[in-house]
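For reference, the structure discussed in these notes is given below.
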There are 4 protein chains.
Amino acid sequence: MAILPEQFEIHPTSGAPIYRQLMDQVLALLAGKQIQPGEMLPSVREMAVALGVNPMTISKAYSRLELEGIVERVRGRGMMIREQKIEGSLSKRLQDLETALQPAIVRARQLGLRDDQITPLLHKLLREIPE
Amino acid sequence: MAILPEQFEIHPTSGAPIYRQLMDQVLALLAGKQIQPGEMLPSVREMAVALGVNPMTISKAYSRLELEGIVERVRGRGMMIREQKIEGSLSKRLQDLETALQPAIVRARQLGLRDDQITPLLHKLLREIPE
Amino acid sequence: MAILPEQFEIHPTSGAPIYRQLMDQVLALLAGKQIQPGEMLPSVREMAVALGVNPMTISKAYSRLELEGIVERVRGRGMMIREQKIEGSLSKRLQDLETALQPAIVRARQLGLRDDQITPLLHKLLREIPE
Amino acid sequence: MAILPEQFEIHPTSGAPIYRQLMDQVLALLAGKQIQPGEMLPSVREMAVALGVNPMTISKAYSRLELEGIVERVRGRGMMIREQKIEGSLSKRLQDLETALQPAIVRARQLGLRDDQITPLLHKLLREIPE
DNA sequence: GTGGTCTAGACCACC
DNA sequence: GTGGTCTAGACCACA
């Protein structure tokens, strides 16, 4: 029921803010069902030590996940993954996905990749991050 | 043979740096074959006026595109779209695409979308941005 | 003459401190005349078990209520609801209410609600929590 | 078109976090139409000097207002008040208001105030914070 | 000029 | 034990 700090890693050189990297990893682990609603995230201090960053940076990531409704604070215990609720109409969500997918396709074409090289990769990712 | 500044638009509140938005639009137009190698980008001043943006910002976008080999500086004439060359081994390029694609799939799952809702959207985008 | 712990509930994720939630519920039940002066609050231990909360937290809520003159400690028996006395001049009390009411009105406006949507709600609440 | 830092004040003793006080004042000024969509908030540094607090504290307030959709970042210029959009069904919004209003009524009763003392105060506030 | 990020370290409220 | 707040000060990205 507790998530281990070892499941997270940050790349200090990656340009992306550390707190953002952490948030994205929580979202990715959640999408990949490697962490589940009801589980507790490692405490701020524990995570800070494990990743070698300032506790406030972890705290910032957690707070923003809380504001986005991904986790909730349980007083005196820590941060818990929330039951994920799906919002918005289907068409809105498809529009949102299109916005996220379009740059990847642009990139693919820039890399000179053909449809029959792109689709298998998509299916591989869909299997790795299951419904 | 000249690209019009009207083909570009920027959202100063969109989170993404303006110079990045410009670069991404050049890449998207190129991927969608709406602009072609050999064509000239609008001059920095023209673009800056049209978009209501600081000329230095346009200049930065152009310089970055030059660094990435997308355009080349033609002395006295401006920036020209280069013939696009494909670099790297296939596996490297597939790896690159996977990195670009993965966050989009994570987003799709977070939106509660199923395989049979995601794949049609991919194929639509592949048609819009052809090989 | 004894108040049941079932009349209380706490939300450990709700942002508000648990001891504050408990205090507010005592005040609300009292305002709504669902509990009366002379009645005894459940014992700290009983309440702690019923709510699944640390006894120290219950104790803190009770102590605060005692400090505010809402309840009094009866040696060997527990906490009893006191006869409520009204303090301060009318203008002071109105000022106090204004301070409590203003954020609710700000919220109402932020929600785009009009006078004719707000006043009926006020009257409903005044009926539910009678003089 | 620019909002003055003099319109804001913080009470360091009030218990409420400084960044929260600032957020609430922005919301209150907006509800009272003293500031309008399209206007720019004072810069983080300017506000920090005027209020005598750390710039990061101001920044935190601004970021959270941005996350809540109250203001938006205009690159290179600062934070702009957004056009406010009203969300949720009417019944949801009324429920939200009831939650905000109920504690104020409880307080009023605790202060021994009668309906005919409470309603005039409400109407006064409704006039001060107009539709 | 604008806001954003991060650190080190102090202090607080709550459970 | 948990998370939250604030400071002082450094440094960065962007326009």
Side-chain angles (χ1 to χ4, degrees), chain A residues 10 12 15-22 40-48 51-66 71-80, chain B residues 10 12-22 48 51-61 64, chain C residues 10 12-22 48 51-61 64, chain D residues 10 12 15-22 40-48 51-66 71-80:
Chain A
I10 56 121
I18 296 171
Y19 83 91
R20 248 276 145 230
Q21 294 183 45
L22 229 188
M40 305 299 296
L41 286 177
S43 82
V44 167
R45 293 154 170 79
E46 193 183 354
M47 190 73 111
L51 300 183
V53 303
N54 189 299
M56 210 189 200
T57 305
I58 309 292
S59 186
K60 184 170 182 176
Y62 283 9
S63 297
R64 289 178 96 110
L65 286 170
E66 187 191 13
V71 304
E72 56 188 328
R73 240 172 57 202
V74 186
R75 304 205 70 108
R77 290 191 49 219
M79 306 299 272
M80 186 178 68
Chain B
I10 57 111
T13 72
S14 97
I18 293 172
Y19 83 90
R20 250 271 144 234
Q21 294 182 44
L22 229 188
L51 299 184
V53 159
N54 192 313
M56 270 181 43
T57 304
I58 309 292
S59 186
K60 179 167 186 177
R64 292 268 195 139
Chain C
I10 56 110
T13 71
S14 99
I18 293 172
Y19 82 90
R20 249 271 145 238
Q21 294 182 45
L22 228 189
L51 300 183
V53 160
N54 192 314
M56 269 181 46
T57 305
I58 308 292
S59 186
K60 180 168 185 177
R64 292 268 194 140
Chain D
I10 55 121
I18 296 172
Y19 82 90
R20 249 278 145 224
Q21 293 182 44
L22 229 188
M40 305 300 295
L41 285 177
S43 83
V44 168
R45 292 154 172 78
E46 192 182 352
M47 191 74 111
L51 300 184
V53 302
N54 190 299
M56 211 189 200
T57 304
I58 309 292
S59 186
K60 184 169 182 177
Y62 283 10
S63 297
R64 289 178 96 111
L65 286 170
E66 187 191 16
V71 304
E72 57 189 327
R73 239 173 57 202
V74 186
R75 303 205 72 105
R77 289 191 51 219
M79 307 299 271
M80 186 177 69

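In this text the structure is predicted, and so the values were computed from the model without any measurement. Order of the sequence lines sets the chain letters (A, B, ...), proteins ahead of strands, with each chain counted from 1.
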message = Can you pull out the residues from residues 51-58 of chain D that lie within a 4.0 Å heavy-atom distance of DNA chain E?
response = D:M56

note = Contacts of D:R45 meeting salt bridge (Lys or Arg N to Asp or Glu O under 4.0 Å) (sequence neighbours excluded), chain-then-number -> none

ask   = With sequence neighbours excluded, what pairs up with D:E72 under the side chain to side chain donor-acceptor pair (under 3.5 Å) test?
value = B:T13

note = Its 5'-most and 3'-most nucleotides having an atom under 4.0 Å from a non-hydrogen atom of chain C, DNA chain E is contacted over E:dC14 to E:dC15

ask   = Taking for each residue the nucleotide of DNA chain F with the nearest heavy atom, is it B:R20 or D:R64 whose nucleotide lies nearer the 5' end?
value = D:R64

task = Please check the phosphate of F:dA15 (OP1 and OP2 only) for any side-chain N or O of B:Y19 closer than 4.0 Å.
result = no

inquiry  = Run the side-chain contact (heavy atoms from CB on, under 4.5 Å) test against A:I18 and tell me which residues pass, sequence neighbours left out.
reply    = A:I10, A:V53, A:T57

ask   = What pairs with B:R64 under side-chain contact (heavy atoms from CB on, under 4.5 Å), at least two apart in sequence or on another chain?
value = B:Y19, B:M23, B:K60

note = Applying side chain to side chain donor-acceptor pair (under 3.5 Å) to D:E66 and not counting sequence neighbours gives none

query = Between D:R77 and C:K60, which has a closest nucleotide on DNA chain E that is more 5'?
reply = D:R77

ask   = Got A:Y62 and A:S43 here, is their nearest side-chain heavy-atom distance under 4.5 Å?
value = no

key: Any residue meeting side chain to side chain donor-acceptor pair (under 3.5 Å) with B:S14, in chain and number order, not counting sequence neighbours   = B:Q21

request  = Kindly express the pairing pattern of DNA chain F in dot-bracket notation, using | wherever a base pairs with another strand and counting only Watson-Crick or G-U pairs under 3.5 Å.
outcome  = ||||||||||||||.

Residues in side chain to side chain donor-acceptor pair (under 3.5 Å) contact with C:R20, at least two apart in sequence or another chain = C:D24

query = Got a sec, which residues hit side-chain contact (heavy atoms from CB on, under 4.5 Å) with A:M56, two or more places apart in sequence or on another chain?
reply = A:N54

message = What's the separation between atom CG in D:L51 and atom CD1 in D:I58, rounded to the nearest 0.5 Å?
response = 5.0 Å

Any D:R75 side-chain nitrogen or oxygen under 4.0 Å from OP1 or OP2 of F:dC14 = no

